[in-house]
Amino acid sequence: MPDAKNDKFSPKTLLWLLPALLLLAATRLHGLPQAALPDYDSVRNWQIVQEVAQGNLRNIFHHASPGFYLVFAPVAALQPDFHWFLYLNALLAVVAVGRLAAFVARYARLRGFETALLVLLIGTCTTLTFSGRDFTMSSASLLLFGELLRAYYERLQQPSRQALLRVALWLAAGLCINYKFLLTFPILGAFEILQADGLLWQRGNAWRVMAILAAPFLVLGILVTGLTILPWYRWLATYAGILWPSAMNEAGRAGNVRLDLWYYPRLLLQFESPLLMAGLLLTPVVFWPELRAWRKGLTLSVYLLIWAWLFLGGMSLILKAPRGLLFAYGLFAALGFLVLRHLLSSAIMQQRLSVAVRAGILVGLSLLVIGGNLLRLQHHIYRYTPTQYQQVAHWLQEHGQRRVASTVSNALLPFAAPAGIQVEVISNENQLPALRAAGVQYVVLDGYRLVTGINNFSGLEKLPAAAEFTEPLLLSPLLFLEHSEFTGLGYEETLRRQQLALKMGPSLRIVRIP
């Protein structure tokens with residue numbers, strides 16, 4: 001087994017790994033200069049990092065993600081252009097894929113070309129690529145989860161206080177970025193039960209772990225309280241509001257529990273390579289001897305399999321969106337690759353095929369999967385990328401508008417702000433008379449209202465448009481599915497809404513307020 005303290009690659013492996021990461025970066029950056037921030041949260045995050053860069057911390061606990069805003073605030077101080085945040089977030093996701101592949105490669109003893117293939121197999125997954133083209137916590141979360149995954153495997157393989165505390169440090173960092181790291185607690189608890197070595201309860205280890213996890217909440221809470229009027233417990237209160245929503249949202253969704261065992265399998269079958277589903281289903285069969293012998297030690301394949309299945313099972317119980325399995329897609333792809341590699345290394349294959357032929361088959365099949373992934377990226381992502389919000393901002397500027405309303409969406413804001421145009425986001429057309437009285441002449445009837453399921457604009461939809469534009473992203477099935485967590489709708493009903501949006505014509509209509 002590799003030395004847990006030795007995290008270096010041989011020069012030969014790096015010669016394979018670096019070009020793979022560069023190729024992956026090219027796929028992730030493709031089309032981003034012509035893209036808009038894809039959702040409400042991305043724009044809001046872009047606003048908040050600028051506030052934090054200016055010393056305004058009032059919204060630093062938005063989405064319970066203060067670490068995310070602190071990391072990107074220096075960037076905002078240097079460059080407010082939202083494109084730079086898209087680029088950096090995309091590249092951060094590439095680093096996350098590289099670290100995950102590196103971890104799998106070390107413990108599965110992959111050769112250099114196999115590591116490169118694994119990077120591309122994971123990195124070209126449709127949903128991971130889609131999540132890496134926004135400005136949310138997904139990329140940073142994926143990177144920290146990979147480190148947590150590695151650290152906990154080392155804790156299982158070489159139990160020690162230092163290994164356990166490293167796990168706690170990565171978990172604390174993850175909680176600073178994304179509240180969804182709470183979902184790892186029951187999985188880590190299951191592993192502790194399986195391991196049954198009592199390490200957590202020895203010599204005050206539990207208190208040390210709790211202190212590490214509590215430290216960010218106490219330090220940031222006290223610091224922000226001293227700089228603002230926010231109470232020290234605001235971060236924890238944000239957690240409570242997210243986990244236990246007390247009221248129905250604007251789309252009519254209430255609560256977090258939604259049992260649906262088929263949402264994610266259908267997502268995988270429609271948007272991902274068959275390799276992912278094969279990895280999920282075949283790993284228990286192919287690695288059955290290792291699975292049976294788990295009490296003697298968890299091998300890498302069994303370790304990844306447990307994480308993957310527990311994520312899938314747990315997320316099937318609550319509100320769903322493709323990002324719900326953010327931590328699991330890479331595991332599915334890695335398991336699929338390990339299954340394929342194991343089958344080609346079986347005794348029967350060794351008797352019938354030479355090493356070179358088996359390596360050639362592995363490369364050929366992997367490249368076939370990667371090629372299929374690239375076709376999916378073109379079909380599901382790239383063709384929806386070019387934005388029309390810039391043209392909307394130009395139209396408003398040419399018509400002398402300095403203030404405009406927008407239905408539900410704030411995506412126009414990053415394009416309108418440089419032109420000195422203020423955007424008022426509304427959730428109901430009943431808000432328009434007050435804006436009209438204040439001098440606002442136009443409203444952008446934005447198709448994002450259909451994505452979010454906030455349909456309070458039937459009167460506006462009947463009015464003639466002063467100008468019309470088609471925003472491709474607002475017709476993307478993946479964007480609709482990403483908001484199924486907000487709407488509370490199931491898989492098929494969400495895609496029916498997307499088909500309805502296709503039939504409604506231009507997704508950006510500028511309407512004069514009557």
Side-chain angles (χ1 to χ4, degrees), residues 29-50 75-76 78-90 133-135 381-427 429 431-432 435-436 438-452 454 457 460-476 479 501-502 504-514:
L29 294 172
H30 178 68
L32 281 184
Q34 293 79 44
L37 291 171
D39 56 14
Y40 188 95
D41 286 340
S42 292
V43 179
R44 189 71 187 107
N45 290 337
W46 172 71
Q47 292 176 296
I48 292 174
V49 295
Q50 293 179 83
V75 180
L78 298 172
Q79 177 56 264
D81 184 352
F82 75 90
H83 286 101
W84 286 96
F85 295 93
L86 286 177
Y87 304 151
L88 290 173
N89 219 34
R133 294 169 70 85
D134 58 20
F135 185 52
I381 296 177
Y382 296 152
R383 72 187 180 114
Y384 294 106
T385 294
T387 184
Q388 294 291 303
Y389 281 109
Q390 184 71 63
Q391 283 70 23
V392 174
H394 284 161
W395 189 95
L396 293 169
Q397 189 175 26
E398 289 173 357
H399 287 76
Q401 302 303 303
R402 288 293 174 262
R403 195 176 176 194
V404 67
S406 175
T407 58
V408 182
S409 174
N410 56 3
L412 176 62
L413 194 151
F415 299 95
I421 302 172
Q422 182 179 349
V423 179
E424 301 282 349
V425 178
I426 61 173
S427 58
E429 61 186 11
Q431 298 171 255
L432 290 174
L435 289 174
R436 184 70 180 91
V440 179
Q441 297 180 358
Y442 291 97
V443 56
V444 178
L445 192 58
D446 193 302
Y448 192 65
R449 71 192 189 281
L450 304 176
V451 177
T452 60
I454 302 176
F457 305 97
L460 278 176
E461 291 169 353
K462 299 174 183 177
L463 298 177
E468 295 181 334
F469 306 87
T470 296
E471 177 65 11
L473 184 61
L474 294 176
L475 305 175
S476 163
L479 185 69
L502 283 174
M504 291 186 67
S507 48
L508 295 174
R509 300 173 64 232
I510 302 177
V511 177
R512 191 174 188 90
I513 302 175

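As the structure is a prediction and not an experimental result, all values here were calculated from the model.
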Study note, to complete from the structure: For residues 79-88, the side-chain hydrogen bond (donor to acceptor under 3.5 Å, both in side chains) pairs (sequence neighbours left out) are Asp81-His83
**Study point:** Pairs where residues 461-472 contributes a residue and the test salt bridge (charged side-chain N to carboxylate O under 4.0 Å, His left out) is met, not counting sequence neighbours
**Key:** Arg449-Glu461, Glu468-Arg509
Study note, to complete from the structure: Residues at least two apart in sequence or cross-chain that pass side chain to side chain donor-acceptor pair (under 3.5 Å) with Tyr442, listed by chain then number, are Arg512
**Study point:** Pairs satisfying salt bridge (charged side-chain N to carboxylate O under 4.0 Å, His left out), at least one member in residues 398-418, at least two apart
**Key:** Arg403-Glu424
**Study point:** Sequence-distant partners of Thr407, side chain to side chain donor-acceptor pair (under 3.5 Å), two or more places apart
**Key:** none
Exercise for review: For Ala501, enumerate each residue passing the side chain to side chain contact (heavy atoms under 4.5 Å, CB included) test, keeping only those at least two apart in sequence or located in another chain.
Suggested key: Leu450, Leu475, Phe480
Review point. Looking at residues at least two apart in the chain, or sitting in another chain, which of them share a side chain to side chain donor-acceptor pair (under 3.5 Å) with Gln388?
Key: none
**Study point:** salt bridge (charged side-chain N to carboxylate O under 4.0 Å, His left out) pairs, two or more places apart, involving residues 438-448
**Key:** none
**Study point:** Ser42: partners by side chain to side chain donor-acceptor pair (under 3.5 Å), with sequence neighbours left out
**Key:** Asp39
Practice item. Please identify each residue that fulfils side chain to side chain contact (heavy atoms under 4.5 Å, CB included) with Leu78, with sequence neighbours left out. Key: none
Practice item. Please confirm whether the backbone N or O of Phe85 pairs with a side-chain atom of Asn89, one donor and one acceptor, at under 3.5 Å? Key: no
Check your understanding: Between Thr385 (side chain) and Ile381 (backbone), is there a donor-acceptor pair under 3.5 Å?
Key -> yes
Practice item. Go through the structure and list residues passing salt bridge (charged side-chain N to carboxylate O under 4.0 Å, His left out) with Arg133, not counting sequence neighbours. Key: none
What donor-acceptor contacts under 3.5 angstrom involve side-chain atoms of residues 412-419, with partners at least two apart or in another chain?
none

